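Worksheet for the structure shown next.
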Amino acid sequence: MDVFNSRIHKWYSLFKRDLPWRNTRDPYFIWLSEIILQQTRIDQGLAYYQKFTETFPTITDLANASEDQILKLWQGLGYYSRARNLHFTARHITEHYNGVFPRQHHLILSLKGVGEYTAAAIASISFNLVYPAIDGNVFRVLSRFFGISEPIDTGTGKKIFTAIANELIQGTDPGMHNQALMEFGALQCTPQKPDCLKCPLKDQCYAFSSNKIAELPVKLKKTKQRDRYFNYFVLSHENKTWLKKRTEKDIWKNLFEFPMIETSDATSIEKLLSMPELIKFVDPDKAIIKSVEDWKVHLLTHQRINYRIIQVNLLQEITMPLDLIEVNKKDIFNFAVPKLLETYLTGNS
Ligand code: SF4
């Protein structure tokens with residue numbers, strides 16, 4: 001254990017990336033960086049971190065922002081519930097803790113959107129508390145070095161990894177130690193083809209000596225993906241188009257999108273145009289279908305969104321349902337939209 005720690009710590013002091021959240025212990029910034037970086041690459045997350053810290057320098061600024069403003073800033077990162085939880089928690093801390101981030105681990109863990117991993121990261125980095133932060137990188141390093149073949153996504157597996165991580169963190173600077181392990185997994189002991197020959201742990205690494213790098217760590221559950229089919233209608237009349245806010249308990253809650261009909265499969269355009277829902281916003285007698293794009297796919301963790309864009313020119317003004325918002329086309333970028341529509345609007349598909 002001592003050899004493992006000392007070599008990882010040394011490696012970290014030599015090779016860690018200089019990232020803005022590494023130059024602070026302020027729990028607000030650490031929390032922000034951890035939430036932004038969940039399921040996000042560092043290079044992408046960095047720009048969001050900078051935008052958020054510049055726009056909301058304090059937790060009270062974040063609490064006082066409107067949800068639309070936060071979602072707009074978050075646009076493109078995906079997992080929008082993280083942004084909503086961020087807002088909720090900022091308000092909670094402002095109301096219940098006078099804007100001061102709680103210092104105790106159990107209170108940090110009780111915050112909305114903060115799980116075991118994030119609580120441990122904040123507690124250790126900001127408050128020097130001895131809690132191991134175990135993310136995917138740490139699971140991988142421990143599994144390979146110690147030769148643990150218990151799946152990382154089972155109760156037993158989690159207990160085994162937590163026990164080892166707990167032992168390793170004792171007597172260290174916990175914030176530095178947690179970051180060192182995570183960084184080592186991110187840069188050195190990578191998922192594919194780690195550069196073991198240059199690894200400071202290679203002489204004692206189980207996976208390297210037994211040629212089991214590709215087999216570790218073991219994961220049991222395969223992510224099941226559900227196919228969904230979204231037919232978007234981009235309505236156009238003079239300089240106007242229409243958007244709708246997604247209010248249901250579903251993906252992209254509170255984001256805006258073009259009027260959409262969800263179908264159970266890749267329905268033909270003829271069948272789609274005969275659906276009764278359509279008449280709510282397009283009367284075929286008063287509109288021309290300008291174009292129908294091919295189906296495209298947008299992948300989420302548990303869902304595969306098949307979507308297509310149907311451009312419709314309205315021949316005359318029609319009365320739209322109340323939940324459709326009339327938008328001047330030049331203002332469309334003021335609205336937070338899902339990534340796939342942002343891609344469509346910016347022409348980066
Ligand atoms: S030797 Fe290879 S598998 Fe083992 S810890 Fe180093 S990089 Fe990871």
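Each ligand, and each atom within it, is numbered from 1 in the order the structure gives. Just so it is clear, the model here is predicted, and its values are computed rather than measured.
Contact annotation: the side chain of Trp11 never approaches that of Leu14 to less than 4.5 Å [non-hydrogen atoms, C-beta and beyond]. The shortest side-chain heavy-atom distance between Tyr229 and Ser264 does not fall under the 4.5 Å cut-off. Contact check for Arg140 versus Pro191: side-chain heavy atoms found under the 4.5 Å cut-off.
Heavy-atom proximity to Arg144, at under 4.0 Å, picks out these atoms of ligand 1: 3 (S). Per-residue contacts place Pro194 under 4.0 angstrom from the following atoms of ligand 1 (heavy atoms of the residue considered): 7 (S).
Remark: minimum distance from atom 8 (Fe) of ligand 1 to any protein heavy atom is reached at Cys189 SG, 2.4 Å. Considering only non-hydrogen protein atoms, atom 2 (Fe) of ligand 1 sits nearest to Cys196 SG, 2.3 Å.
Of all the heavy atoms of Cys205, the ones lying under 4.0 Å from any atom of ligand 1 belong exclusively to the side chain. Contacts of Phe208 with ligand 1, taken as heavy-atom pairs under 4.0 Å, involve the side chain alone.
Screening Tyr232, Phe233, Phe230, Trp295 against Ile309 for a side-chain contact (heavy atoms from CB on, under 4.5 Å) leaves a single residue, Tyr232.
The backbone N or O of Ile160 sits nowhere less than 3.5 Å from a side-chain atom of Thr162 that would complete a donor-acceptor pair.
Using a cut-off of 2.8 Å, one finds that Cys199 contributes no N/O/S atom close to atom 4 (Fe) of ligand 1.
Ring pair Phe4/Phe146 is tilted by interplanar angle, where 30° to 60° counts as tilted.
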